[in-house]
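Predicted, not measured: the structure shown is a model, and the values here were computed from it.
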Amino acid sequence: MEQEKLEFFKLDEIDRKVLLWLLSHVPQKSVIAWLEYIAVQYKQEKSILIDIDKVYAEVEESTGNQKPNERVLT
């Protein structure tokens, strides 16, 4: 389980923030497309392999599959 959590942290801070923003503002297909693009960029420019399925699963699990406007405010 620890290894799965580390996949998200392979992304730099800005890309993590962009990913979290995308999850709450764009359709799933767009998020996946962005992750695919980023994975290629990281592999080519930084020699870092990103497993997009793991990253997506981690952030979906941590955000609870809710967009900000769907959350119930109390």
Side-chain angles (χ1 to χ4, degrees):
M1 192 74 174
E2 284 293 319
Q3 192 173 10
E4 286 183 32
K5 291 183 180 179
L6 294 177
E7 198 70 25
F8 174 73
F9 292 102
K10 287 182 181 179
L11 299 171
D12 65 28
E13 183 180 358
I14 292 172
D15 288 333
R16 289 192 302 262
K17 288 180 180 181
V18 169
L19 175 58
L20 294 174
W21 184 89
L22 288 172
L23 283 170
S24 62
H25 291 87
V26 300
Q28 179 183 4
K29 288 183 180 182
S30 298
V31 176
I32 298 297
W34 182 83
L35 280 172
E36 290 170 349
Y37 171 77
I38 288 299
V40 170
Q41 294 302 311
Y42 272 64
K43 183 177 179 181
Q44 290 175 349
E45 298 174 6
K46 301 178 183 183
S47 298
I48 297 174
L49 296 176
I50 305 285
D51 183 334
I52 63 170
D53 293 328
K54 284 184 181 179
V55 173
Y56 190 79
E58 290 167 5
V59 294
E60 280 292 298
E61 182 180 310
S62 69
T63 60
N65 298 325
Q66 293 179 341
K67 297 187 180 218
N69 58 349
E70 294 173 338
R71 292 187 183 126
V72 177
L73 300 176
T74 57

Worksheet entry | side-chain hydrogen bond (donor to acceptor under 3.5 Å, both in side chains) against E13, all qualifying residues, sequence neighbours excluded | K17

Worksheet item: Any link between I50 and I14 through a network of hydrophobic side chains (Ile, Leu, Val, Met, Phe, Trp, Tyr) touching at under 4.5 Å?
Response: yes

Worksheet entry | For D12, all residues meeting salt bridge (charged side-chain N to carboxylate O under 4.0 Å, His left out), sequence neighbours excluded | K46

Response to the item:
The ring-ring contact (aromatic ring centres under 6.0 Å, His included) partners of W34 (sequence neighbours excluded) come to none

Worksheet entry | Close side-chain approach of V59 and R16, heavy atoms under 4.5 Å | no

Worksheet, complete the sentence: Checking I32, V31, V26 against Q28 for side-chain contact (heavy atoms from CB on, under 4.5 Å), the one that qualifies is I32

Worksheet item: Linking I/L/V/M/F/W/Y whenever any side-chain heavy atoms sit under 4.5 Å apart, do Y37 and L20 land together?
Response: yes

Practice prompt. Could you tell me the separation between the CD atom of E7 and the CG atom of D53, rounded to the nearest 0.5 Å?
Written response: 10.0 Å

Worksheet item: I52 and A39: which non-hydrogen atoms are nearest, and at how many Å?
Response: CG2-CB, 3.7 Å

Practice prompt. Decide whether I38 and V40 are clustered together by the hydrophobic rule: side chain heavy atoms of Ile, Leu, Val, Met, Phe, Trp, Tyr closer than 4.5 Å, transitively.
Written response: no

Fill in: Which atom of K10 lies closest to which atom of L49, heavy atoms considered
NZ-O, 3.0 Å

Practice prompt. With rounding to the nearest 0.5 Å, note down the distance linking CG in L19 to OG in S24.
Written response: 10.0 Å

Item to complete: Just jot down the side-chain hydrogen bond (donor to acceptor under 3.5 Å, both in side chains) partners of K43, sequence neighbours excluded, or say none.
Response: none

